[in-house]
Amino acid sequence: MARKNKRKQIFTEVEVFDTAAKGKSVGKAPDGRVIFLPNAVPGDVVDVQTFKKRKAYFEGKATVFHKLSDKRTEPACEHFGTCGGCKWQNMGYEHQLFYKQKEVTNNLTRIGHLELPEVTPILGSAEQYFYRNKMEFSFSDARWLTLEEIQSDKDLGDKNALGFHIPGMWDKILDIKKCHLQADPSNAIRNAVKDFAVKNNLEFFNTRNQTGLLRTMMIRTSSTGDIMVVVQFFKENKEQRELLLNYLGETFPEITSLQYIINEKANDTIYDQEVVCYKGQDHIFEEMEGLQFKINAKSFYQTNSDQAFELYKLTREFANLSGDELVYDLYTGTGTIAQFVSKKAKKVVGVEAVPDAISAAKENAERNNITNCEFFVGDMKNVFNQEFINTHGQPDVIITDPPRDGMHKDVVKQILNIAPEKVVYVSCNSATQARDLALMKEQYNITKVQAVDMFPQTHHVENIVLLEKK
């Protein structure tokens, strides 16, 4: 059967007027339907080639630019447009912030139909580049070729790559020369490893054939000056493994944690793998307001340390603790928010589904001499029940920072049953946040809203909402 709506269309001189979810821009077709574009900036006037047609919208690509928006800026990175990482690098930072703020407000009012107070302006990031503390790079023996390379007659040289997946392509890796997301020595380490591996004939991984030696490399940096490098090998080859790791340790003596993984399974996730410490410690430390957080290869920690500090300060400010409150911190992770607010609270109870995270939270609290935090492990919708409340007490304040999917409806229901005076809801996805808040609007007023930009050059944005009991 022929596929419906397969025919591509071309629309000329479309004015791009807004942004949409996932960093796309928006124009309008002559029939009034919206067109989502991945490669334009609001204010551009473009010709569009569509590649998908739906009842209410088209998806397409800008092919001709008749007018360039005054919101545009020159991307800093040579890989922009091919690498899918920093989709908004071609938009001035003040405009990025405007559209992030707008998305948060629109989601809360349109999805949640929520009444908002005067919204506090978004908090931008002081650093707009080189702000990430963790990067993961993949090896490939067949690097992604750009259109220019394919069309040129030049010798394409080395086919190996150490870089990022091309968006939507699980087996295509773009070789990265300089990434603008993680501060030095990140680029130096990655480029040195690639050059050394090529010179010494260390095989780069082939995802389709499941062959080769070198799989991935993770680099973590911290504000304390610690550097962690974890190299993932597809198979054990002691001689070649030690050759690379010794080279890394000698060339970059500033690496404080050098580790490796032998991962023979089909996918490269490390959470079920043994991580072996080769040199230095098996962890690094991050520090925030005098608190130390131990981070190992598998730990989750906010990837923009400076902005995480700002986010946590605002969360504590929203909670407005006097020192007498019992606080529940739901989805506590490694307990960073819990420990951060603990000095202003009588007691903090953290709940999290990942056992390793709770072990780390307990260890960090002990290291920081915090005695008024308790951490419990379990699936939130199961563990966070009336029996739990009876055992640990009726919270005055609940802080919740769920994953992108938001809170399970049973968790929302339980919060409404407990009915604390305040709920501080931290979210990395204002659409699911809006859905959850809509379920709570009969009992709570939204009294503060503050977006925080953790990821400049991307469409991602965090949002904090303060709920107070009616």
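Contact of the Lys346 side chain with the Asp396 side chain is not registered, since no non-hydrogen atoms from C-beta on lie closer than 4.5 Å. Annotation: side chain of Phe293 is in contact with side chain of Thr336 (closest heavy-atom distance under 4.5 Å). The side-chain heavy atoms of Tyr131 and Leu181, taken from C-beta on, include a pair separated by under 4.5 Å. With a 4.5 Å cut-off on side-chain heavy atoms, Val231 and Leu248 count as touching. Side chains of Val411 and Thr400 form no contact here, defined as non-hydrogen atoms less than 4.5 Å apart. Looking at Gln302 and Gln307, their side chains never come closer than 4.5 Å, going by heavy atoms from C-beta outward. Considering only heavy atoms from C-beta on, Ile189 comes within 4.5 Å of Met217 through its side chain. Contact check for Phe130 versus His180: side-chain heavy atoms found under the 4.5 Å cut-off.
In this structure, Phe388 and Phe384 have perpendicular ring planes: the angle between them is above 60°, well past the 30° mark.
Under a 4.0 Å N-O distance rule, the pair Lys100/Asp453 qualifies as a salt bridge. Using a cut-off of 4.0 Å between Lys/Arg side-chain N and Asp/Glu carboxylate O, Lys194 and Asp175 are scored as salt-bridged. Ion pairing between Glu374 and Lys347 holds under the 4.0 Å rule for side-chain N and carboxylate O. Using a 4.0 Å cut-off between charged side-chain N and carboxylate O, Glu363 and Arg367 make a salt bridge. Between Glu325 and Lys422 there is no salt bridge, since no side-chain N of the basic residue sits under 4.0 Å from a carboxylate O of the acidic one. Of the charged side-chain nitrogens involved, none lies within less than 4.0 Å of a carboxylate oxygen, so that Lys238 and Glu236 do not count as a salt-bridged pair. Salt-bridge check for Lys313 with Glu310: passed, with a basic side-chain N closer than 4.0 Å to an acidic carboxylate O.
Lys265 places no side-chain N or O within 3.5 Å of a backbone atom of Gln273 that could act as its donor or acceptor partner. No side-chain donor-acceptor contact under 3.5 Å links Arg132 to the backbone of Phe455. Judged by distance alone, with hydrogens and angles left aside, the side-chain atoms of Thr269 form no donor-acceptor pair with the main-chain N or O of Tyr271 at under 3.5 Å. Listed for the Thr303 side chain is no donor-acceptor partner under 3.5 Å among the backbone atoms of Lys134. Here the side chain of Thr120 pairs no donor or acceptor atom with the backbone of Gln450 at under 3.5 angstrom. At distances below 3.5 Å, not a single donor-acceptor pair connects side-chain atoms of Asp410 with backbone N or O atoms of Lys381. Looking only at distances, no side-chain donor or acceptor of Glu352 sits under 3.5 Å from a matching main-chain atom of Ile358. The main-chain N or O of Cys428 is never found under 3.5 Å from a side-chain atom of Gln433 such that the two would form a donor-acceptor pair. The main-chain N or O of Ile418 is found under 3.5 Å from a side-chain atom of Gln394 such that the two form a donor-acceptor pair. Asn368 places a side-chain N or O within donor-acceptor distance of the main-chain N or O of Gln292, the cut-off being under 3.5 Å.
Other residues, nucleotides and ligands contribute at most 12 non-hydrogen atoms within 6.0 Å of the CD atom of Glu127. The environment of CD in Glu287 is crowded: more than 12 heavy-atom neighbours from other residues, nucleotides or ligands sit within 6.0 Å. Surrounding NZ of Lys22 are at most 12 heavy atoms belonging to other residues, nucleotides or ligands under 6.0 Å away. When the shell of 6.0 Å around CD of Glu115 is examined, it contains 12 or fewer heavy atoms from other residues, nucleotides or ligands. Heavy-atom contacts from other residues, nucleotides or ligands closer than 6.0 Å to NZ of Lys413 number 12 or fewer. Few gaps surround CD on Gln386; more than 12 heavy atoms of other groups in view lie less than 6.0 Å from it.
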Item to check | Residue pair Gln457, Gln96: steps toward the side chain to side chain donor-acceptor pair (under 3.5 Å) verdict | outcome: CA-CA 7 Å; Gln457 318 309 332; Gln96 294 180 31; 2.9 Å; yes
Checklist entry - Checking side chain to side chain donor-acceptor pair (under 3.5 Å) for the pair Asp268/Gln232: CA distance, chi angles, key distance, verdict? => result CA-CA 8 Å; Asp268 58 21; Gln232 187 175 176; 5.3 Å; no
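Residue Pro42 comes nearest to Tyr99 through the heavy atom pair CB-OH, 3.2 Å, listed as atom of the first residue, atom of the second, then distance. Here the closest heavy-atom approach between residue Trp88 and residue Gly23 is recorded as NE1-O, 3.1 Å. Between Val397 and Ala319, the shortest heavy-atom contact is CG1-CB, 4.3 Å. Considering all non-hydrogen atoms of both residues, Val327 and Ala345 come closest at CG2-CB, 3.9 Å.
Within the model, atoms CG of Leu244 and CG of Leu258 stand 8.5 Å from one another, a figure rounded to the nearest 0.5 Å. Going from atom CG of Leu214 over to atom CG of Leu162 covers 8.5 Å, rounded to the nearest 0.5 Å. Note that the CG atom of Asn106 and the CG atom of Asp18 stand 7.5 Å from one another [nearest 0.5 Å]. The structure places CZ of Arg190 at 10.5 Å from CG of Asp195, a figure rounded to the nearest 0.5 Å. Considering OG1 of Thr19 and NZ of Lys87, their distance stands at 12.5 Å, rounded to 0.5 Å. Here the OG-CE distance, from Ser125 to Met454, works out to 9.0 Å after rounding to the nearest 0.5 Å.
Taking the six-membered ring for Trp, Phe164 and His79 have ring centres at least 6.0 Å apart.
Under 3.5 Å, the side chains of Ser305 and Asn133 contain a donor-acceptor pair of N or O atoms. Inspection of the Gln339 and Asn364 side chains reveals no N or O donor paired with an N or O acceptor under 3.5 Å. Side chains of Asn445 and Thr447: no donor on one and acceptor on the other come within 3.5 Å. The closest side-chain donor-acceptor pair between Ser299 and Asn296 falls under 3.5 angstrom.
Each of Phe205, Phe204, Phe233 was scored for a ring-ring contact (aromatic ring centres under 6.0 Å, His included) with Phe139, with one residue passing: Phe204.
In this structure Ser186 satisfies the side chain to side chain donor-acceptor pair (under 3.5 Å) test together with Gln182, sequence neighbours excluded.
Relative to the ring axis of Phe234, Arg215 does not place its NZ or CZ within 45° and under 6.0 Å from the centre.
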